[in-house]
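Notes follow the structure.
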Amino acid sequence: MDRVRLLTFLGITIFVHGPLSPFLPTAYEATLLYYARVYPAWLLALIGTAGATLSEAVNYRVIDWVAALPALSAMKQRRAVRWSVDAFLKAPFWTTAFVIFTPLPDSVVRVLAPLARYPVWKFLSATAVGRLPRFLLIAGVGWLVHFPPAVLLGGTVGMSLLIVGRAGIVRGLGWLRRYRDAHRDPAPGAVSLVGKD
């Protein structure tokens with residue numbers, strides 16, 4: 001039973017840190033906090049780091065392949081992209097480790113590393129250096145404070161909906177604003193500059 005649970009944890013780790021990770025912003029932390037009720041923090045940190053590093057290897061190859069597509073290759077020549085790549089290359093290992101360790105979006109280094117042609121093994125090493133202490137810290141908190149599963153699930157679903165639905169909310173608010181402006185009656189006594197037919 002323990003092996004099945006730990007393999008499930010590894011599978012969740014690989015899935016959540018894969019290409020869908022931008023849409024699952026808190027899913028892994030909640031999973032880590034939940035599993036920390038049963039397993040030692042160091043074990044979860046090691047398994048989590050191994051799974052997340054495997055996912056990053058796949059992500060690196062996918063992003064490298066996508067960036068080489070003719071439709072996107074011109075994007076690499078943009079000034080902002082070149083500046084970002086140059087800034088990343090000043091300290092790629094520690095930039096990657098720092099971003100991975102912090103709550104900053106790791107999608108930035110995930111994209112910059114292949115664009116900068118930073119060697120994949122160095123990128124994966126930096127990822128592991130950032131992930132291990134982060135996962136150990138989160139699992140340690142989960143071991144000390146037992147969050148109710150409903151709170152963990154609710155937080156994960158809420159954050160995911162917020163991230164995924166943010167674009168829809170912005171579009172909806174824009175539509176409401178345009179609708180209101182189009183159907184607003186002019187103020188009493190206002191002169192219309194638009195002539196009537």
Side-chain angles (χ1 to χ4, degrees), residues 3 5-33 35-36 39-140 142 156 159-160 163-164:
R3 282 187 187 156
R5 283 186 187 170
L6 289 174
L7 282 174
T8 302
F9 175 71
L10 178 63
I12 291 169
T13 302
I14 292 169
F15 176 75
V16 169
H17 286 95
L20 294 178
S21 64
F23 303 108
L24 304 168
T26 60
Y28 190 71
E29 285 76 3
T31 303
L32 195 52
L33 290 169
Y35 271 83
Y39 296 103
W42 65 267
L43 179 61
L44 295 174
L46 287 176
I47 292 172
T49 300
T53 303
L54 176 63
S55 292
E56 291 300 343
V58 173
N59 292 336
Y60 186 100
R61 295 299 180 201
V62 168
I63 291 169
D64 191 36
W65 175 77
V66 169
L69 293 173
L72 296 176
S73 61
M75 179 191 75
K76 293 187 282 189
Q77 301 308 317
R78 290 186 180 169
R79 185 177 179 191
V81 174
R82 286 195 326 264
W83 181 87
S84 300
V85 167
D86 290 343
F88 173 77
L89 284 173
K90 289 182 180 173
F93 186 91
W94 294 112
T95 300
T96 301
F98 175 77
V99 169
I100 295 293
F101 176 74
T102 64
L104 294 170
D106 54 8
S107 300
V108 174
V109 291
R110 185 177 291 148
V111 170
L112 286 175
L115 288 179
R117 295 281 178 229
Y118 189 56
V120 68
W121 69 271
K122 289 183 180 180
F123 174 70
L124 296 179
S125 299
T127 299
V129 166
R131 291 249 189 254
L132 186 63
R134 177 184 170 92
F135 290 167
L136 190 58
L137 183 65
I138 294 168
T156 299
M159 285 297 291
S160 296
I163 297 297
V164 172

Legend entry - Of Phe15, Tyr35, Phe135, Tyr39, the residue whose pairing with Phe9 passes ring pair (Phe, Tyr, Trp, His ring centres under 6.0 Å): Tyr35
Atom [atom1] in [X], atom [atom2] in [Y]: separation rounded to 0.5 Å?
X	Y	atom1	atom2	answer
Leu33	Glu29	CG	CD	8.0 Å
Thr127	Phe93	OG1	CZ	8.5 Å
Leu112	Leu89	CG	CG	8.5 Å
Leu10	Ile14	CG	CD1	4.0 Å

Inset, instruction - Hey, can you tell me if Tyr118 and Phe88 have their rings parallel, tilted or perpendicular (30° and 60° cut-offs)? - result: perpendicular
Inset, instruction - Inspect the contact between Asp106 and Arg134 and indicate whether a charged nitrogen and a carboxylate oxygen are less than 4.0 angstrom apart. - result: no
If every non-hydrogen atom of [X] is compared with every non-hydrogen atom of [Y], which pair is closest and at what distance?
X	Y	answer
Ala128	Thr53	CB-OG1, 4.0 Å
Leu6	Ile47	CD2-CD1, 3.9 Å
Ala41	Gly140	CB-N, 3.8 Å
Leu124	Ala57	CD2-N, 3.5 Å
Val109	Thr96	CG1-CA, 4.0 Å
Gly130	Ile100	C-CG2, 3.8 Å

Legend entry - Partner of Thr31 under side-chain contact (heavy atoms from CB on, under 4.5 Å), chosen from Leu44, Val16, Ile138, Ile12: Ile12
Inset, instruction - Answer whether the closest heavy-atom distance between the side chains of Thr49 and Thr13 falls below 4.5 Å. - result: no
Inset, instruction - Check salt bridge (charged side-chain N to carboxylate O under 4.0 Å, His left out) between Arg117 and all other residues, then give those that pass, not counting sequence neighbours. - result: Asp64
Legend entry - Arg131, Arg61, Lys122 screened by salt bridge (Lys or Arg N to Asp or Glu O under 4.0 Å) with Glu56, the one that passes: Arg131
